[in-house]
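Just below is one structure, and these are the notes that go with it.
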Amino acid sequence: MATANGAHLFNHCGSSSRFIHFTSRNTTSKLFLTKTSHFRTPKRSFHVNNILTDKIHHPITEQGGESDLSCFSPDAASITSSIKYHAEFTPVFSPERFELPNAFFATAQSVRDSLLINWNATYDVYEKLNMKQAYYLSMEFLQGRALLNAIGNLELTGAFAEALKNLGHNLENVASQEPDAALGNGGLGRLASCFLDSLATLNYPAWGYGLRYKYGLFQQRITKDGQEEVAEDWLEIGSPWEVVRNDVSYPIKLYGKVSTGSDGKRYWIGGEDIKAVAYDVPIPGYKTRTTISLRLWSTQVPSADFNLSAFNAGEHTKACEAQANAEKICYILYPGDESEEGKILRLKQQYTLCSASLQDIISRFERRSGDRIKWEEFPEKVAVQMNDTHPTLCIPELMRILIDLKGLNWNEAWNITQRTVAYTNHTVLPEALEKWSYELMQKLLPRHVEIIEAIDEELVHEIVSKYGSLDLNKLEDKLTTMRILENFDLPSSVAEFFINPEISVDDDTETLEVHDKVEASDKVVTNDEDDTGKKTSMKTEASAEKDIDKKTPVSPEPAVIPLKKVRMANLCVVGGHAVNGVAEIHSEIVKEEVFNGFYELWPEKFQNKTNGVTPRRWIRFCNPPLSAIITKWTGTEEWVLKTEKLAELQKFADNEDLQNEWREAKRSNRIKVVSFLKEKTGYSVVPDAMFDIQVKRIHEYKRQLLNILGIVYRYKKMKEMKAAERKTNFVPRVCIFGGKAFATYVQAKRIVKFITDVGATINHDPEIGDLLKVVFVPDYNVSVAELLIPASDLSEHISTAGMEASGTSNMKFAMNGCIQIGTLDGANVEIREEVGEENFFLFGAQAHEIAGLRKERADGKFVPDERFEEVKEFVRSGAFGSYNYDDLIGSLEGNEGFGRADYFLVGKDFPSYIECQEKVDEAYRDQKRWTKMSILNTAGSYKFSSDRTIHEYAKDIWNIEAVEIA
């Protein structure tokens, strides 16, 4: 009852009577409860009045009038009553005791009541005004805990803290009961969540779409053997934030076949049918009523698909097969894809996200359009943003719906699709630019493969039209790198250029009309036919090259048949109207290297949108001591919404009073981390050491290995010194690592094991004591980040230059006054420019040098630094236990071969890194200088608010306008 329409609870004159006012569109219900003041008493009586009204109260009117709910301003007393009400009437625990878990759920449900009123008002406004809306599709949303963020955005932190105190609890302890939502893993998901916060705060009409993963990525445990993975349990007792929309579900078809009907149209028939059901999570804006939705899809099948006969016959597994196949789609984020089944499951996940979301978006467009549906207006009402390549299937799925279900022709559907969809690229790593097996995709999504083939053929003709056939080598290169379909024959009209060079094409050559062929005929010149009736090529790249050289067809060599693939990133670029990188250096690499051919073809598509993070979660709420100092010295709290005001701290950076307050705030945050580390790891550290932190996904390119080898070098040098000499040469450090290695990423898991072994040795060495500690924090997540980042003194962003698209943790650390050591990679470049070169510790090779350095290595010309060789030998000596690290250290040796030759240039950058760390020690000894650097990092971080990023997306890509909910 309360969750459907919202509940407001008031205490009347401090009495024990309570009055709850529920509203819906046509009903107002008043519920009076009278009970004794003792919280646990079973005695209660109530009387219900239902008052029917003809008038519908809308949150806004054209005259600007407010609803009857807008006057509600909760105080501690009414919140106390609300929490007590939910503990009794919407319980998820037994009523005997009001302990912390019960207190959390009751408090969250009370907060959700306030959110629901704003949420419903936001829904109503969007429906009434029918403005253009943006939809952000992402496989990840790394939300973190919601309670403190929600009450902070509602400006009710103090009131809820007092209410819980009245009930015998502390707000911080209650909030700690909330598990992090297991919907993401790293920066991709955290960025998506920051964007939702900014969209709501800035009043932009937008929704997020994702999947409701039951078990998340995994929960990380650290044992003597390294990382161990177990399933997340965040939904084990339910989430108080989500609202299941049982009236919002869509069919998802998989497998089957495509046939031509008597009307000449293509029909996708048969196969496996499942259902995607919507679960909505409210996303409140800061100091605004706007509350947008994160809609998560959960997969199931109807009860009728349960095979009752099989079950009663004892075939229990068979009876549940359909349900199990459907439900497992939303079990795990990024299921292992080493097996064929794993690959199929991943593709099912991606298609489910795309299909359910687009069906929902189209349904909303049709509903809002009423009787006058004009499909050409679809891009004027809808903007779809694909967060990386995972939602790429939006492109063929939107085409399928428009052509097959809505009756549009190819040209109409393609025009609408290209004007609607946009793509954010997040990586330059080849393995992250997804390629799917053509055979697998054709098996799972046969109709989509037909559409992709048609798009590819149009692209081929556009490439030929652009580059002509005068320079066949250049044309071949462009076709090889730019096609969506990899290892496929060219269309016959293009293939004959390479057989007969006398045929030429200029820019005015008319390309083939392929859009009609997508409905009923074949599109690619072929010599073999599969079971769907679609023909596929078996010609190899090698034979194609021989065709070019000899100008005559050459039979393929059956022994070498390259796997046919679908390049998802290329499809994103072709099918969308905008492509953006996420940092200035990354966007340049995207244009000049990753998608250079496309940039030459469509330069207007390419943009930069440097990432950003929300200052609400990442300063205001996670770092109250620093927030209070910023507000005091800037004279306003406006910096939370207008981060440019952080720059005003620059003029006070040398002020002794500010510096003392700043250091005290840092120390108070470190004290919290000291307790946390003791609880989670058993290690004791001191709060007056430098906290040196690297927390991010474990990956070779992020180079946690460089960091820990630098620590090993530091430790070895300490061991070679006498005690007094150690204290003179080294400042005390607590080196903290956190992050998850993907379950099947063996080398990353070796790195985790190595870090924990080094920590176990150093932390128990009495000669070193508190001068150096190494701690790996298990199960790193948003809540852990909110604790560690405010306490940090130095943060490590040391990826191989040119390989990190942007990064967002670097922005969070800078906002919290943490000085960074890093390479010129990703957003480090822009952070260094903003905070000042003298306030950033720079080392390492630069992006433009990397290719040459790898070639130098391959040519056998690289000479490793003696200190690097010394460290490797020390590791091999068994100093850190009996584990065999030959495979890990071996990856840094040799000049060629898979898993060898130090691809990420750890050895090359090692000397520069340890020398830079010496400069860090030197700067830290001068605390006045260090504190000034810290202040200037916060002052210079103003540019990296996600509010700024979202304004740019809204203006340059989505073309949406903000609307405030009155």
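Note: hydrogens, waters and symmetry copies are ignored here, and every other heavy atom, side chains too, is used.
- Side-chain atoms of Arg697 do not come within 3.5 Å of backbone N or O of Gly739 as any donor-acceptor pair.
- The ring of His390 has its center no closer than 6.0 angstrom to the ring center of Tyr351.
- Note: Trp375 and Phe378 have tilted aromatic rings, judged against thresholds of 30 and 60 degrees for the angle between ring planes.
- Between Ser293 and Trp119, some side-chain heavy-atom pair lies under the 4.5 Å cut-off.
- Using cut-offs of 30° and 60° on the angle between ring planes, the pair Phe306 and Phe311 is tilted.
- At least one side-chain heavy atom of Trp410 sits less than 4.5 Å from a side-chain heavy atom of Ile455.
- Because its NZ or CZ atom is not both nearer than 6.0 Å to the ring centre of Tyr780 and within 45° of the ring axis, Lys740 does not count as a cation-pi partner of that residue.
- Taking the six-membered ring wherever Trp is involved, the centroid distance between the rings of Tyr331 and Tyr213 does not fall below 6.0 Å.
- A donor-acceptor pair under 3.5 Å is absent between the side-chain atoms of Asp305 and the main chain of Ala322, judged by distance alone.
- In this structure, a donor-acceptor pair under 3.5 Å is present between the side chains of Thr424 and Gln385.
- Within the 3.5 Å criterion, the main-chain N or O of Ser783 finds a donor-acceptor partner in the side chain of Asp180.
- With 3.5 Å as the limit, one finds a donor-acceptor pair spanning the side chains of Ser357 and Trp297.
- Side-chain atoms of Leu445 and Tyr255, non-hydrogen and from C-beta on, never get closer than 4.5 Å to each other.
- A cation-pi contact links Lys564 to Phe488, judged by a cut-off of 6.0 Å to the six-membered ring centre and 45° from its axis.
- Asn487 approaches Leu563 most closely through the heavy-atom pair ND2-O, 2.6 Å.
- Ring to ring, Trp207 and Tyr123 are close: their centroids are under 6.0 angstrom apart.
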Asn387 vs Leu137, test: side chain to side chain contact (heavy atoms under 4.5 Å, CB included). Steps then yes/no.
CA-CA 6 Å; Asn387 191 30; Leu137 272 64; over 6 Å; no

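- Relative to the ring axis of Tyr209, Arg295 does not place its NZ or CZ within 45° and under 6.0 Å from the centre.
- By the neighbour-count criterion of 12 heavy atoms within 6.0 Å, atom CD of Glu366 is densely surrounded, having more than that number from other residues, nucleotides or ligands.
- Side-chain rings of Tyr334 and Phe742 stay apart, their centers remaining 6.0 Å or farther from each other.
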Checking side chain to side chain contact (heavy atoms under 4.5 Å, CB included) for the pair Lys214/Cys330: CA distance, chi angles, key distance, verdict?
CA-CA 6 Å; Lys214 185 175 182 179; Cys330 292; over 6 Å; no

Test Ile373 against Lys406 for side chain to side chain contact (heavy atoms under 4.5 Å, CB included), laying out the working first.
CA-CA 11 Å; Ile373 298 175; Lys406 304 303 175 183; over 6 Å; no

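- Looking at every heavy atom in both residues, Ser363 comes nearest to Tyr250 through CB-OH, 3.7 Å.
- A 4.5 Å side-chain heavy-atom check between Leu485 and Ile452 finds at least one atom pair inside the cut-off.
- In this structure, Arg245 places its CZ atom where more than 12 heavy-atom neighbours from other residues, nucleotides or ligands lie under 6.0 Å away.
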Derivation and outcome, side chain to side chain contact (heavy atoms under 4.5 Å, CB included), residues Ile395 and Thr417:
CA-CA 7 Å; Ile395 294 167; Thr417 298; 4.1 Å; yes

Take Gln227 and Arg750, measure what side chain to side chain donor-acceptor pair (under 3.5 Å) needs, and give me the verdict at the end.
CA-CA 9 Å; Gln227 173 181 293; Arg750 288 189 185 119; over 6 Å; no

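- Side-chain atoms of Ser437 come within 3.5 Å of backbone N or O of Leu440 as a donor-acceptor pair.
- Paired with Ser355 under the rule side-chain hydrogen bond (donor to acceptor under 3.5 Å, both in side chains), one option of Lys253, Gln350, Glu397 passes, and it is Glu397.
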